[in-house]
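One structure follows; several queries about it will come next.
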Amino acid sequence: MQKNQLKQKLKNGEVVLGPFMNCAYPAFIEICGIAGFDFAVIDLEHGPLNILVAEDLCRAADCGGIAPVVRVSKNDAAQIQRALDIGSAGVQVPQIETITDAEIAVQSSKYNPIGCRGLSFGTRAGVYTSAGSNITDKLNAESLVVVHVEGTKGVENLREIVTVPHIDVIFLGPYDLSQSLGIPGQVNDIRVVELMQKSVEIIRSSGKAVGTFTTNSETAKKWIDCGVQYIGLGIDVSIFLQGCQALVKGVRG
């Protein structure tokens, strides 16, 4: 059982970068590690991936020296448990709107006495029983919990949400925030930007790390300057598309 380097980097105040993964081919996530990303979000909310593919992507991530984080499709105890049992570095839980939502996410992510995560030693997280039976405290300490606040209701309740213990990162979803404001996809609109800036201040004042998503380095740098530590940077399929487009344009103009 290895120490969660991603969690340690966040505790140290470092900025971490990672793409979202929609592609099932393990080499893609391994290459992301070789390229220098800190983590990759294996996306079970959007895209075609399933839990069996996600487990293989976790193995490939370990080969590439990158931390695999699994985004589940909803705040569901069974989904969160499986996302952690496959040996991921942590879990991302979408659509957190209230303090109760946040507490449920933590409860589902942690073993007793913190939470109610179901216990099995015969998982990849338990090294298939070889890690022994005294692993719950270790896994509680090492697992990363990221919750998404991505709507106006969540922002309204943010001062309560940040009080929930054992949440490592509060992730601001700009696209869903734009949708909740009635301007879907307009993530650079001043209303979205100001709402996010206000939220960053609230989260940072609580001592928790802030996360968000962007598709380009320029916007990433702006949010880093605002205090965001955990940057979701691009999606594997769009990164591949942009690379292909650049090659074709370079030849054809």
Side-chain angles (χ1 to χ4, degrees), residues 2-47 49 53-73 80 83-84 86-94 109 142-150 167-176 187 196 200 203 208-243:
Q2 298 178 349
K3 190 170 184 64
N4 189 336
Q5 296 299 325
L6 176 62
K7 188 165 184 172
Q8 190 59 50
K9 287 178 181 179
L10 289 167
K11 286 182 178 179
N12 293 343
E14 298 177 40
V15 171
V16 294
L17 308 174
F20 279 67
M21 310 301 296
N22 282 357
C23 180
Y25 185 42
F28 274 42
I29 197 168
E30 186 179 15
I31 290 166
C32 288
I34 295 168
F37 282 112
D38 302 283
F39 69 95
V41 181
I42 300 167
D43 195 353
L44 304 187
E45 182 184 15
H46 299 292
L49 301 183
V53 169
E55 186 175 48
D56 282 340
L57 293 181
C58 286
R59 292 188 179 97
D62 288 344
C63 290
I66 186 172
V69 179
V70 178
R71 177 163 73 170
V72 294
S73 66
I80 292 170
L84 293 168
I86 61 175
S88 66
V91 63
Q92 290 195 196
V93 185
S109 302
E142 295 297 334
S143 61
L144 187 79
V145 178
V146 182
V147 300
H148 286 229
V149 171
E150 43 196 351
I167 292 173
D168 300 291
V169 181
I170 296 183
F171 190 95
L172 301 170
Y175 285 89
D176 279 322
V187 296
M196 288 185 59
V200 170
I203 298 165
K208 299 188 189 301
V210 189
T212 194
F213 173 81
T214 184
T215 59
N216 62 82
S217 57
E218 292 77 13
T219 304
K221 289 176 182 177
K222 290 178 182 178
W223 285 119
I224 290 167
D225 289 342
C226 287
V228 177
Q229 272 186 266
Y230 182 96
I231 301 285
L233 187 57
I235 306 169
D236 57 357
V237 289
S238 64
I239 293 168
F240 181 65
L241 172 63
Q242 291 161 11

What residues form a side-chain hydrogen bond (donor to acceptor under 3.5 Å, both in side chains) with Ser143, not counting sequence neighbours? Lys110

Within this structure, what is the CD1-CD1 distance for the pair Ile31 and Ile29, rounded to the nearest 0.5 Å? 11.0 Å

Can you check whether Ser109 reaches Ile80 side chain to side chain, under 4.5 Å on heavy atoms? yes

Mind checking side-chain contact (heavy atoms from CB on, under 4.5 Å) for Thr215 and listing every partner two or more places apart, or none if nothing turns up?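 By the side-chain contact (heavy atoms from CB on, under 4.5 Å) rule, Thr215 matches Tyr175, Phe213.
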
When every non-hydrogen atom of Ala24 is compared with those of Val53, the smallest separation belongs to CB-CG1, 3.7 Å

Could you work out, with side-chain contact (heavy atoms from CB on, under 4.5 Å) as the rule, every residue matching Thr214, not counting sequence neighbours?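 Checked Thr214 against side-chain contact (heavy atoms from CB on, under 4.5 Å); matches are Asn216, Thr219, Ala220, Ile231, Leu233.
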
Holding to side-chain hydrogen bond (donor to acceptor under 3.5 Å, both in side chains), I want the full list of residues that pass it with Ser73, two or more places apart in sequence or in another chain.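 Expected list: Gln79.
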
For Ile170 and Lys208, the nearest pair of non-hydrogen atoms, with its separation, is CD1-CD, 4.1 Å

Got a sec, which pairs hit salt bridge (Lys or Arg N to Asp or Glu O under 4.0 Å) with one end in residues 214-227, sequence neighbours left out? none

Keeping to residues at least two apart or across chains, list the side chain to side chain donor-acceptor pair (under 3.5 Å) pairs with something in residues 18-27.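 For residues 18-27: none.
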
Side-chain contact test, heavy atoms from C-beta onward, threshold under 4.5 Å: evaluate it for Leu57 versus Leu49 and give yes or no. yes

Could you state the interatomic distance from SG (Cys32) to CD1 (Ile66), rounded to the nearest 0.5 Å? 5.5 Å

Shortest non-hydrogen contact from Ile239 toward Pro19: CD1-CB, 4.2 Å

Any residue meeting side-chain hydrogen bond (donor to acceptor under 3.5 Å, both in side chains) with Gln8, in chain and number order, not counting sequence neighbours: Asn12

Search all heavy atoms of His148 against all heavy atoms of Pro94 and return the closest pair with its distance. CB-CA, 3.6 Å

Got a sec, which residues hit side-chain contact (heavy atoms from CB on, under 4.5 Å) with Gln5, two or more places apart in sequence or on another chain? Lys3

Atom pair CG/CD1 of Leu172 and Ile203 - distance to nearest 0.5 Å: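 Output value for this atom pair is 4.0 Å.
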
Can a donor-acceptor pair be found, under 3.5 Å and without considering hydrogens, that links the side chain of Glu30 to the backbone of Ala60?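 Between the backbone of Ala60 and the side chain of Glu30 there is no qualifying donor-acceptor contact (under 3.5 Å).
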
Indicate yes or no for a side-chain donor-acceptor contact from Gln229 to the backbone of Val16 under 3.5 Å, with no hydrogens or angles considered. no

All N/O donor-acceptor pairs, side-chain side in residues 34-44, below 3.5 Å, sequence neighbours left out:
{"residue": "Asp38", "atom": "OD1", "partner": "Lys9", "partner atom": "NZ", "Å": "2.8"}
{"residue": "Asp38", "atom": "OD2", "partner": "Leu17", "partner atom": "N", "Å": "2.9"}
{"residue": "Asp43", "atom": "OD1", "partner": "Glu45", "partner atom": "N", "Å": "2.9"}
{"residue": "Asp43", "atom": "OD1", "partner": "His46", "partner atom": "N", "Å": "3.2"}
{"residue": "Asp43", "atom": "OD1", "partner": "Arg71", "partner atom": "NE", "Å": "3.0"}
{"residue": "Asp43", "atom": "OD1", "partner": "Arg71", "partner atom": "NH2", "Å": "3.3"}
{"residue": "Asp43", "atom": "OD2", "partner": "Arg71", "partner atom": "NH2", "Å": "2.7"}

With the side chain counted from C-beta on, respond yes when Ser88 and Val69 share a heavy-atom pair under 4.5 Å apart, and no when they do not.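 The answer is no; the side chains never approach within 4.5 Å.
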
For the student: nearest non-hydrogen atoms of Pro174 and Met196, plus distance: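 Taking Pro174 first and Met196 second, the nearest heavy atoms are CB-SD, 3.7 Å.
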
Under the salt bridge (charged side-chain N to carboxylate O under 4.0 Å, His left out) test, which residues partner Asp168, sequence neighbours left out?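 So Asp168 forms a salt bridge (charged side-chain N to carboxylate O under 4.0 Å, His left out) with Lys7.
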
What one should report as the nearest heavy-atom pair of Val200 and Cys226 is CG1-O, 3.4 Å

Keeping the roles fixed (side chain from Asn4, backbone from Glu142), state whether a donor-acceptor pair exists under 3.5 Å. yes

Which pairs with one or both residues in residues 56-69 pass salt bridge (Lys or Arg N to Asp or Glu O under 4.0 Å), sequence neighbours excluded?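 Output for this query lists Glu55-Arg59, Asp56-Arg59, Asp62-Arg124.
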
